[in-house]
Amino acid sequence: MDKVIDFINLSRDRYVDELKGLLAIPSISALPEHAGDVKRCAEWCADEMRRIGLQNVRLIPTPGNPVVYGDWLGAPGAPTILYYGHYDVQPVDPLDLWTTPPFEATIRDGEIYARGAADDKGQVFMHFKAVEAHLKQNGRLPVNMKFMIEGEEEVGSAHLDDFIRAHKTELKADVVVISDTSMFARGVPSMCYGLRGLVYFQIDLRGSSTDMHSGLFGGAVANPAFVLAQMLAQMKDRGGHIKIPGFYDAVLPLSDDERKAWATLPFNERQYKKDFGIPKVFGESDYTTLERIWGRPTFEVNGLLSGFTGDGAKTVLPAVAMAKVSMRLVPDQDPNKIAELFETYVRKIAPKTVDLKVTRMHGGKPWMASYDNVFIQAAGRAIEKGFGKKPVFVREGGSIPVVSTFQEELGLPSVLFGVGLPDENAHAPNEKLDLGNFHNGIIASAMLYQEIADCRL
Ligand code: BES
Ligand code: ZN
């Protein structure tokens, strides 16, 4: 391993230069005008995978964006890692809030700023470089590896479950590795053993066939903006408790051990409020902030649209109102069941004065592993070697729906090996990745393959 680590340490600057090339491609999956860039990014990844010595590299088409596949299967008898990541990124608006352009990676204070730096290009690239170091220095990997890098994660991975079902044999492995999450805090490396699930909906209300004069019609015709506000207000009480009947039925209570362990984590609520400009934290009164994010479900309004929002005033009764809403779920909540409960409730509370349309969008199941499983423990040792510190064990509030698909369709456990930081502005302006964590992450990834090779299966 020493040779591999020396190689990584000597290549530090080259890695950053190469990463800039990947970050320069605006592979925004949500915007049709970037379809060409998304394809170009897939090809960039495939070229890079060939360069580092992976075999059978190809773009596998899906009804949407292609999956980039490549493998190295020269270690018969050793375990096989299926590495999953994504090459697509989120849109960049509002552009004027970026200090430097999102697709011209710029380094400031040891951080590389660009859309996709942390989520997820930088973290995928870390594994490319770890594989390269093994293959360049030893001519082999300690494990077999299969890479599948998808291009639709940021829009809900609509074609991924079918893709996995259709390629079951090709994707056969012993464990999935994913680097698409954050560490607990700067200087506090962590291993994640749980993710929340998600159900997402759009609600459309129509109160009339056209916008109307609010003086001539107001008071006699329902205002869909107001009706929507009243409906949303019935989703959650002031204490953060969700009022959809049956919503909490399958929620696993937090164990005392877990609550005790989380209470020892170095979390400072004052600093948290300051870092994110939060006047006062909000949530269910019986739970701490970490418990609310990691271990409890939530209902959020992601966007609202209705009526006149320009400068000045306009006396109008809007014809329509729209809300995007989503629920983060925890074990053992089932997204289909929750979607049903939500739809039934929305239909029940919608007054007859408006036409209602409810559209279900993407989502996924929550996931939780036991943190003493062999792979998570192996990953913990690799993190310790890369970062010089034992990791803390955490859950996360975000979602990676494919993790439960890997479990259900391929019977595979997942290791979430993330090195982002919670303040790295994923999905927001000025996304960045700490270059120290990126570098240590390459070392830790190289170590991870060895640690997994040493796992007796
Ligand atoms: N990388 C994130 C997920 C993440 C980040 C999980 C940090 C845990 C900690 C991923 O790219 C993402 O944003 N996922 C979406 C899923 C959705 C589109 C189905 C999410 O969580 O909103
Ligand atoms: Zn991501």
Side-chain angles (χ1 to χ4, degrees), residues 22-23 27-30 41 45 64-65 83-92 114-127 148-161 176-185 188-202 290 293-295 297-303 324-330 335 338-339 360-369 391-405 414-428 431-434 437 441:
L22 175 56
L23 295 175
S27 49
I28 305 170
S29 49
C41 193
C45 290
N65 300 328
Y83 182 82
Y84 163 84
H86 61 96
Y87 62 83
D88 65 322
V89 297
Q90 286 271 326
V92 294
R115 170 58 84 231
D119 184 11
D120 176 31
K121 289 174 173 176
Q123 300 206 61
V124 168
F125 196 68
M126 189 171 94
H127 287 272
M148 62 173 281
I149 315 296
E150 74 146 323
E152 299 183 297
E153 198 273 351
E154 298 293 6
V155 286
S157 303
H159 304 105
L160 199 62
D161 285 4
V176 174
V177 172
I178 302 175
S179 289
D180 194 20
T181 49
S182 308
M183 325 200 294
F184 182 70
V188 189
S190 47
M191 277 311 303
C192 170
Y193 64 91
L195 293 167
R196 288 196 289 190
L198 185 73
V199 256
Y200 203 114
F201 278 96
Q202 177 167 326
L290 291 181
I293 299 172
W294 295 349
T298 184
F299 179 98
E300 297 303 339
V301 180
N302 300 110
K324 308 255 186 192
V325 302
S326 62
M327 289 151 270
R328 295 280 170 178
L329 310 179
V330 298
I338 295 295
R360 182 163 172 198
M361 300 164 95
H362 58 51
K365 292 186 180 166
W367 169 79
M368 186 155 69
V392 296
F393 288 86
V394 302
R395 289 208 238 162
E396 293 267 13
S399 310
I400 307 180
V402 71
V403 173
S404 70
T405 311
S414 286
V415 167
L416 297 194
F417 197 72
V419 304
L421 289 173
D423 68 350
E424 284 183 331
N425 303 323
H427 299 200
E431 179 175 351
K432 59 184 174 172
L433 178 67
D434 181 282
N437 291 338

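Because only heavy atoms are used, hydrogens play no part in the values below, and waters and symmetry mates are left out as well, while side chains stay in. For clarity, every value in this text was computed on a predicted model and none was experimentally measured. First listed ligand is number 1; within each ligand, the first listed atom is number 1.
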query = Quick one: does Lys432's side chain have a donor or acceptor within less than 3.5 Å of a partner on Ala118's backbone?
reply = no
message = Counting C-beta onward and ignoring hydrogens, is there a side-chain heavy-atom pair between Glu152 and His159 closer than 4.5 Å?
response = yes
query = Has Asp120 got any heavy atom lying under 4.0 angstrom from an atom of ligand 1?
reply = no
note = Checking heavy-atom distances from atom 5 (C) of ligand 1 to each of Val394, Ile400, Asp180, the winner is Asp180
Proximity flag His86 to ligand 1, non-hydrogen atoms under 4.0 Å = yes
inquiry  = Give me the nearest non-hydrogen protein atom to atom 3 (C) of ligand 1 as residue plus atom name, then the distance to 0.1 Å.
reply    = Ser399 O, 3.6 Å
task = Give the atom name of whichever N/O/S atom in His86 sits closest to the Zn ion (ligand 2).
result = NE2
ask   = Does ligand 1 have an atom under 4.0 Å from some heavy atom of His427?
value = yes
ask   = With a 3.5 Å cut-off and no angle check, do the side chains of Ser157 and His362 form a donor-acceptor pair?
value = no
message = If the cut-off is 2.8 Å, does any N/O/S atom of Asp180 fall short of it from the Zn ion (ligand 2)?
response = yes
ask   = Are any of the N/O atoms in Glu153 less than 3.5 Å from those in ligand 1?
value = yes
note = When distances are taken from atom 9 (C) of ligand 1, the protein heavy atom at minimum range is Glu396 OE1, 3.4 Å
request  = Please say which of Ile400, Leu416, Val402 ends up in a side-chain contact (heavy atoms from CB on, under 4.5 Å) with Trp367.
outcome  = Leu416
request  = Could you tell me how the ring of His127 sits relative to the ring of Tyr83: parallel (under 30°), tilted (30 to 60°) or perpendicular (over 60°)?
outcome  = tilted
ask   = If you measure from each heavy atom of Arg328 to ligand 1, is any distance below 4.0 Å?
value = yes
message = Tell me the nearest of Gly85, Ala158, Gly398 to atom 6 (C) of ligand 1, using heavy-atom distances.
response = Gly398
Glu424 side chain reached by Asp434 side chain, heavy atoms, under 4.5 Å = yes
ask   = For atom 17 (C) of ligand 1, which protein heavy atom lies nearest, and how many Å away is it?
value = Leu198 CD2, 3.8 Å
message = More than 12 heavy atoms of other residues, nucleotides or ligands under 6.0 Å from NZ of Lys365: yes or no?
response = no
note = Per residue Asp119, nearest N, O or S atom to the Zn ion (ligand 2) is named OD1
request  = For Glu150 and Tyr84, test the side chains for any donor-to-acceptor distance below 3.5 angstrom and give the result as yes or no.
outcome  = yes
task = For the residue pair Met327 and Pro297, establish whether any side-chain heavy-atom pair is separated by less than 4.5 Å.
result = no
key: Short N-O contact, Glu431 and Arg115, less than 4.0 angstrom   = yes
inquiry  = With a 4.0 Å cut-off on heavy atoms, is Pro401 in contact with ligand 1?
reply    = yes
note = Counting from 1 in the order shown, the ligand 1 atoms closer than 4.0 Å to a non-hydrogen atom of Asp119 are 1 (N), 11 (O)
request  = Provide the number and element of each atom of ligand 1 under 4.0 Å from a heavy atom of Glu154.
outcome  = 11 (O), 13 (O)
